[in-house]
**Student:** 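The following block contains the structure, expressed as structure tokens.
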Amino acid sequence: KRALKLKEFLATHPNSKARPRATELLISTHAGLGDQKLKNGDRTGVDDLLNAIDEADPTISDQLFSGVVSQIPSNLYLRNEQSAAFKAAQAIETKFGSDPRRLLAMASFYVAVERGDEAARVAEQVVKIAPDLPEAHRVYALGLHLSLRLDEAVAAYKKLLEIEPNSSAARNSLADLDRGIGKPDEALALYTEQLKADSKDKTAANGAILSLLDLG
């Protein structure tokens with residue numbers, strides 16, 4: 001009933017100052033209803049969640065986007081609605097494609113469900129929009145890594161290190177990749193560099209040990 005009343009209000013009050021708030025309430029209503037239906041085994045909840053995305057526009061608050069809209073693909077995926085999850089992610093990508101951080105949320109979703117190809121594709125768009133955003137390069141490198149596009153992943157991790165030279169995650173990821181593709185000497189150099197920066201880094205310590213074993 002709330003959704004119907006909100007739609008009626010939006011249709012009959014085109015100039016109201018309350019329209020943004022009503023729109024946000026409508027999005028939250030669709031999302032909450034969809035979630036409740038899916039919990040009860042009612043698959044029509046998928047339509048409600050997709051309607052929540054349809055009602056959203058690029059002007060919604062960051063809080064509503066991060067807390068509701070960006071969670072819809074993951075919510076669907078975890079409820080075994082994979083096809084709908086990807087449809088939701090594509091709809092969000094289309095609607096918020098000019099906003100790098102909102103677009104990056106979809107790239108991160110693809111990483112979480114191990115769709116490296118899609119993660120790399122979306123993150124590459126973010127890199128073009130915001131080339132100095134470290135997180136975009138990190139997700140792009142992860143997507144390439146998951147897709148087994150290893151040479152491209154190495155280049156992406158190196159680019160990330162140029163932007164964030166103190167990033168332990170980037171250095172260790174690049175070292176892991178080097179070791180995985182048979183370059184233990186290059187990997188050892190990176191692990192050693194990381195251990196100089198943080199002697200308690202267990203990932204780097206383990207990687208250094210394995211590299212030493214690989215080198216005999």
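Quick note: residue numbers are just sequence positions, from 1. What's counted below: heavy atoms across the whole structure, side chains too, no hydrogens, waters or symmetry copies.
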**Student:** Within a 6.0 Å radius of atom NZ on Lys37, are there more than 12 heavy atoms belonging to other residues, nucleotides or ligands?
**Tutor:** yes
**Student:** Quick check: do Glu24 and Ser61 have side-chain heavy atoms less than 4.5 Å from each other?
**Tutor:** yes
**Student:** Ignoring hydrogens, what is the shortest heavy-atom contact between Ser74 and Phe109? Give both atom names and the distance.
**Tutor:** OG-CD1, 3.5 Å
**Student:** Determine whether Leu104 and Leu133 make a side-chain contact, defined as any pair of heavy atoms from C-beta on separated by less than 4.5 Å.
**Tutor:** yes
**Student:** Please collect all ring-ring contact (aromatic ring centres under 6.0 Å, His included) contacts where either partner lies in residues 46-76, sequence neighbours excluded, each pair once.
**Tutor:** Phe65-Phe96
**Student:** Within a strict 4.5 Å, meaning less than it, do heavy atoms of the Ile53 and Leu49 side chains meet?
**Tutor:** no
**Student:** Should Ile60 and Val68 be marked as a side-chain contact (heavy atoms from CB on, under 4.5 Å) after you check the CA-CA gap, both sets of side-chain angles, and the distance that decides it?
**Tutor:** CA-CA 11 Å; Ile60 64 171; Val68 178; over 6 Å; no
**Student:** Would you please name every residue forming a side chain to side chain donor-acceptor pair (under 3.5 Å) with Asp185, sequence neighbours left out?
**Tutor:** none
**Student:** Is there a donor-acceptor contact under 3.5 Å from the side chain of Asp198 to the main chain of Gln194?
**Tutor:** no
**Student:** Quick check: closest heavy atoms across Ala105 and Ser70, and the distance to 0.1 Å?
**Tutor:** CB-CB, 4.3 Å
**Student:** Please indicate whether Arg19 has more than 12 foreign heavy atoms, meaning atoms of other residues, nucleotides or ligands, lying under 6.0 Å from its CZ.
**Tutor:** yes
**Student:** Hydrophobic clusters here meaning ILVMFWY residues chained together by side-chain heavy-atom distances under 4.5 Å, can you tell me if Leu78 and Leu50 are in one?
**Tutor:** no
**Student:** Donor-acceptor pair, His137 side chain versus Ala123 backbone, under 3.5 Å?
**Tutor:** no
**Student:** If a pair satisfies ring-ring contact (aromatic ring centres under 6.0 Å, His included) and one of its residues is in residues 9-44, list it, with sequence neighbours excluded.
**Tutor:** Phe9-His13
**Student:** Using the rule that Ile, Leu, Val, Met, Phe, Trp and Tyr join whenever any side-chain heavy atoms are under 4.5 Å apart, tell me whether Val111 and Val122 fall into a single cluster.
**Tutor:** yes
**Student:** Roughly how far, to the nearest 0.5 Å, is the CG atom of Asp54 from the CG atom of Asp47?
**Tutor:** 10.0 Å
**Student:** Taking only residues two or more places apart in sequence, or in another chain, which ones meet Asp42 in a side chain to side chain donor-acceptor pair (under 3.5 Å)?
**Tutor:** Thr44
**Student:** Just by modelled atom types, is the Asp176 backbone N or O under 3.5 Å from a matching donor or acceptor in the Tyr191 side chain?
**Tutor:** yes
**Student:** Would you say NZ of Lys87 has more than 12 non-hydrogen atoms from neighbouring residues, nucleotides or ligands within 6.0 angstrom?
**Tutor:** no
**Student:** What distance separates Asp178 CG from Ser211 OG, expressed to the nearest 0.5 Å?
**Tutor:** 9.0 Å
**Student:** Within the structure provided, determine whether Thr23 and Thr59 are in side-chain contact (heavy-atom separation under 4.5 Å).
**Tutor:** no
**Student:** How far apart are the closest heavy atoms of Pro58 and Lys95, and which atoms are they?
**Tutor:** CG-O, 3.6 Å
**Student:** According to side-chain hydrogen bond (donor to acceptor under 3.5 Å, both in side chains), does anything in residues 101-112 pair up with another residue at least two apart or in another chain? List the pairs.
**Tutor:** Asp62-Arg102
**Student:** Quick one: are Leu64 and Ser28 in side-chain contact, heavy atoms under 4.5 Å?
**Tutor:** yes
**Student:** Could you grab the distance from atom CD of Glu152 to atom CG of Leu144, nearest 0.5 Å is fine?
**Tutor:** 5.5 Å
**Student:** Among residues at least two apart in sequence or on other chains, which ones pass side chain to side chain donor-acceptor pair (under 3.5 Å) with Arg121?
**Tutor:** Glu93, Glu118
**Student:** If I compare all heavy atoms of Ala88 with all of Ile72, which pair ends up nearest, and what's the gap?
**Tutor:** CB-CG2, 4.1 Å
**Student:** Same cluster or not: Phe86 versus Val139, using hydrophobic residues (I, L, V, M, F, W, Y) connected whenever any side-chain heavy atoms lie under 4.5 Å apart?
**Tutor:** yes
**Student:** Are any of the side-chain heavy atoms of Gln125 and Pro100 separated by less than 4.5 Å?
**Tutor:** no
**Student:** Let me confirm one number: the CD-CD1 distance from Glu55 to Ile27, rounded to the nearest 0.5 Å.
**Tutor:** 7.0 Å
**Student:** Do Leu33 and Leu25 sit in the same hydrophobic cluster, where Ile, Leu, Val, Met, Phe, Trp and Tyr count as joined when their side-chain heavy atoms come under 4.5 Å apart?
**Tutor:** no
**Student:** For a side-chain hydrogen bond (donor to acceptor under 3.5 Å, both in side chains) check, start with the C-alpha distance between Tyr157 and Asn172, then their side-chain angles and the critical distance, and finish with the verdict.
**Tutor:** CA-CA 10 Å; Tyr157 280 126; Asn172 282 335; over 6 Å; no
**Student:** With distance as the sole test, does Asp35 use its side chain to make a donor-acceptor pair with the main-chain N or O of Ala31 at under 3.5 Å?
**Tutor:** no
**Student:** Same cluster for Leu177 and Leu161 if Ile/Leu/Val/Met/Phe/Trp/Tyr side chains link at under 4.5 Å?
**Tutor:** yes
**Student:** To the closest 0.5 Å, what do you measure between CZ (Arg138) and CD1 (Ile163)?
**Tutor:** 13.0 Å
**Student:** Roughly how far, to the nearest 0.5 Å, is OG1 of Thr203 from CZ of Arg171?
**Tutor:** 13.0 Å
**Student:** For a side-chain contact (heavy atoms from CB on, under 4.5 Å) check, start with the C-alpha distance between Leu38 and Leu76, then their side-chain angles and the critical distance, and finish with the verdict.
**Tutor:** CA-CA 9 Å; Leu38 287 174; Leu76 288 166; 4.0 Å; yes
**Student:** Do side-chain atoms of Glu186 reach the backbone of Ala175 as a donor and acceptor pair under 3.5 angstrom?
**Tutor:** no
**Student:** For Asp151, does the CG atom sit with more than 12 other heavy atoms under 6.0 Å from it, leaving out its own atoms?
**Tutor:** no
**Student:** So, for Leu160 and Pro134, which heavy atoms are closest and what is the spacing to 0.1 Å?
**Tutor:** CD1-O, 3.4 Å
**Student:** Of all heavy-atom pairs between Leu174 and Leu190, which one has the smallest distance, and what is that distance?
**Tutor:** CG-CD1, 3.7 Å
